[in-house]
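Here you go, one structure.
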Amino acid sequence: MKFGVVRFPGSNCDQDAFHVLRDVVRQPVDYVWHQEAALKGYDCIVLPGGFSYGDYLRTGALARLSPVMDAVAKHAERGRPVIGICNGFQVLCEAHLLPGALVRNVRRKFVCRTVHLRTENAGTPWTCALRDAQVLRVPIAHGEGCYVADDDTLAELSAARRVVFRYCDASGRTTPESNPNGSLNGIAAIANEGFNVLGMMPHPERASEKVLGSADGRGIFESIVRHLLTA
């Protein structure tokens, strides 16, 4: 089993993801430069958070044109796991590997704090070490994290249980106050039809060790390791 963490110009959470994979869940991992045209030998690809290409045009719009994204798309088409975190989620939407888009937060402010997430589907490769309705404490840090999609897409995501996490309060209730960016239906993370591609705005790599104030995010990495070991 081997992980690859893609580095775009401007990625700044790549080292956090690399550290969690190598030192916390103890799996082999490489950095993958964005100009690589092939992904060989990797079981799971991570698109980390950051500001790819400075986000000067539109978050993720330039990163989706990097040579590595064609290889990431082929990797996903083969049913292999891909996770995009924060900016990585934006890149996955821009690359049409996930539906919808991430736009400016409703209050037009960058939000950096810890939030609560409710596990909506514990039957995915990314949540199989969690429980349905389990509440996680995970940080967010974004200015464009408001998830939007048309009504048909939202209905399809809910019906197929492809909404993997929603923002909630500490008791697991989804309320307008618990939604930090105005995402439609309180959506914090979605998966593709095959559940092998996950996009999420919160940062589980920043909440995988108790010294950081929460180790709840570790369950997501442990889930994909468990899935790959049993696949």
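This one's a predicted model, so the numbers in the text were calculated from it and none came from an experiment. Values below: every heavy atom of this structure, side chains too, minus hydrogens, waters and symmetry copies.
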| Joint hydrophobic cluster, Val20 plus Phe18, side-chain heavy atoms closer than 4.5 Å | yes
| field | Qualifying residue, where the test is side chain to side chain contact (heavy atoms under 4.5 Å, CB included) with Tyr147 and the options are Leu154, Val103, Leu98, Asn181 | value |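 Considering Leu154, Val103, Leu98, Asn181, a side chain to side chain contact (heavy atoms under 4.5 Å, CB included) with Tyr147 is found only for Leu154.
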| message | Quick one: does any side-chain atom of Asn179 pair with a main-chain N or O of Ser183 as donor and acceptor, under 3.5 Å? | response |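 Side chain of Asn179 to backbone of Ser183: a pair is present.
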| So, does Arg161 use its side chain to make a donor-acceptor pair with the main chain of Thr124 at under 3.5 Å? | no
| query | Can you find a pair of side-chain heavy atoms, one from Val163 and one from Asn185, that are under 4.5 Å apart? | reply | no
| With no hydrogens and no angle check, is any side-chain donor or acceptor of Trp126 less than 3.5 Å from a backbone partner on Phe195? |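 Yes, the answer is positive, given that a donor and an acceptor are paired below the 3.5 Å cut-off.
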| query | Hey, what do you get for CG (Leu184) to CG (Asp150), rounding to the nearest 0.5 Å? | reply | 10.0 Å
| task | List the steps, then state whether side-chain contact (heavy atoms from CB on, under 4.5 Å) holds for Leu130 with Leu136. | result | CA-CA 10 Å; Leu130 304 174; Leu136 311 180; 4.0 Å; yes
| message | Could you tell me if Thr175 and Asp169 have a donor-acceptor pair between their side chains, going purely by distance under 3.5 Å? | response | no
| task | Show the numbers, then the answer: is there a side-chain contact (heavy atoms from CB on, under 4.5 Å) between Arg80 and Leu228? | result | CA-CA 9 Å; Arg80 308 304 296 169; Leu228 288 170; 3.9 Å; yes
| task | Indicate if Met1 and Tyr31 have the same hydrophobic cluster label, given that clusters are the connected sets of ILVMFWY residues with side-chain heavy-atom separations under 4.5 angstrom. | result |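 Linked within one cluster.
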| Do Val68 and Phe8 pass the side-chain contact (heavy atoms from CB on, under 4.5 Å) test, and can you show the C-alpha distance, the side-chain angles, and the key distance before you say yes or no? | CA-CA 9 Å; Val68 76; Phe8 298 101; 4.1 Å; yes
| In Å and rounded to the nearest 0.5 Å, what is the CG to CG distance from Leu198 to Leu92? | 8.5 Å
| Value rounded to 0.5 Å, distance of CD in Glu193 from CD in Glu156 | 6.0 Å
| task | Return yes if some donor-acceptor pair links the side-chain N/O of Gln90 with the main-chain N/O of Glu144 below 3.5 Å, else return no. | result |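 Checking the backbone N and O of Glu144 against the side chain of Gln90, a donor-acceptor pair under 3.5 Å is found.
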| message | With a 4.5 Å cut-off on side-chain heavy-atom distances among I, L, V, M, F, W and Y, is there a chain of contacts connecting Met201 to Phe51? | response | no
| request: Decide yes or no for Val225 and Phe3: does some side-chain heavy atom of the first lie under 4.5 Å from some side-chain heavy atom of the second? | output: yes
| query | Cluster question for you: counting only ILVMFWY and a side-chain heavy-atom cut-off of under 4.5 Å, with indirect links fine, are Val111 and Ile187 together? | reply |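 Shared cluster, yes.
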| So, do Pro48 and Asp16 sit near enough that their side-chain heavy atoms are less than 4.5 Å apart? | no
| query | Looking at the rings of Phe89 and His142, which for Trp means the six-membered one, are their centres under 6.0 Å apart? | reply | no
| field | Cys168 to Val135 - nearest heavy-atom pair and separation | value |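 Distance-wise, the nearest heavy atoms are SG-CG1, 4.0 Å.
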| query | Going only through I, L, V, M, F, W and Y residues with side-chain contacts under 4.5 Å, is there a path from Leu97 to Leu39? | reply | yes
| field | Interatomic distance, Ile45 atom CD1 to Lys2 atom NZ [nearest 0.5 angstrom] | value |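 Answer for the CD1-NZ pair, Ile45 versus Lys2, is 10.5 Å.
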| query | What's the shortest heavy-atom distance between Gly213 and Arg137, and which atoms? | reply |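 The answer is O-NH1, 3.2 Å.
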| Got a second to check how far Asn121's CG is from Arg162's CZ, nearest 0.5 Å? | 11.5 Å
| query | Is Thr174 close to Arg118 at the side-chain level, that is, under 4.5 Å between some pair of heavy atoms? | reply | yes
| field | Exercise: identify the closest heavy-atom pair between Val106 and Cys146 | value | CG1-SG, 4.4 Å
| request: Please report the closest heavy-atom contact between Ala17 and Val46, naming both atoms and the distance. | output: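 Result for this residue pair: CB-CG1, 4.2 Å.
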| To the nearest 0.5 Å, how far apart are CG in Leu47 and CG in Asp14? | 11.5 Å
| task | Determine whether Arg7 and Glu36 make a side-chain contact, defined as any pair of heavy atoms from C-beta on separated by less than 4.5 Å. | result |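 In short, these two side chains do not touch, never coming nearer than 4.5 Å.
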| Hey, is the main chain of Ala76 close enough, under 3.5 Å, to the side chain of Asn196 for a donor-acceptor pair? |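 Such a contact is found between Asn196 side chain and Ala76 backbone.
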| Heavy-atom closest contact (Cys86 atom, Gly49 atom, distance) | CB-CA, 4.2 Å
| Should Arg131 and Thr119 be marked as a side-chain contact (heavy atoms from CB on, under 4.5 Å) after you check the CA-CA gap, both sets of side-chain angles, and the distance that decides it? | CA-CA 7 Å; Arg131 306 183 307 277; Thr119 306; over 6 Å; no
| task | Check whether any side-chain heavy atom of Phe165 lies under 4.5 Å from a side-chain heavy atom of Pro202, and answer yes or no. | result |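 They are not in side-chain contact.
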| query | Any side-chain heavy atom of Val91 sitting closer than 4.5 Å to one from Met69? | reply | yes
| message | Within the structure provided, determine whether Pro9 and His34 are in side-chain contact (heavy-atom separation under 4.5 Å). | response | yes
| message | For Gly219 versus Ala129, what's the shortest heavy-atom pair and its separation? | response |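 It is O-CB, 3.9 Å.
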| request: Look at the side chain of Gln27 and the backbone N and O of Val25, then say whether any donor-acceptor pair between them is shorter than 3.5 Å. | output: yes
| message | Would the distance check show the side chain of Thr230 and the main-chain N or O of Arg226 forming a donor-acceptor pair, the cut-off being under 3.5 Å? | response |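 Such a contact is found between Thr230 side chain and Arg226 backbone.
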| query | Is the backbone of Val138 close enough, under 3.5 Å, to the side chain of Ser214 for a donor and an acceptor to pair up by distance? | reply | no
| task | Would you check if the side chain of Asn105 reaches a backbone N or O of Arg107 as a donor-acceptor pair within less than 3.5 Å? | result |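 Not a single qualifying donor-acceptor pair exists.
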| field | His75 side chain to Pro81 backbone, donor-acceptor under 3.5 Å | value | yes
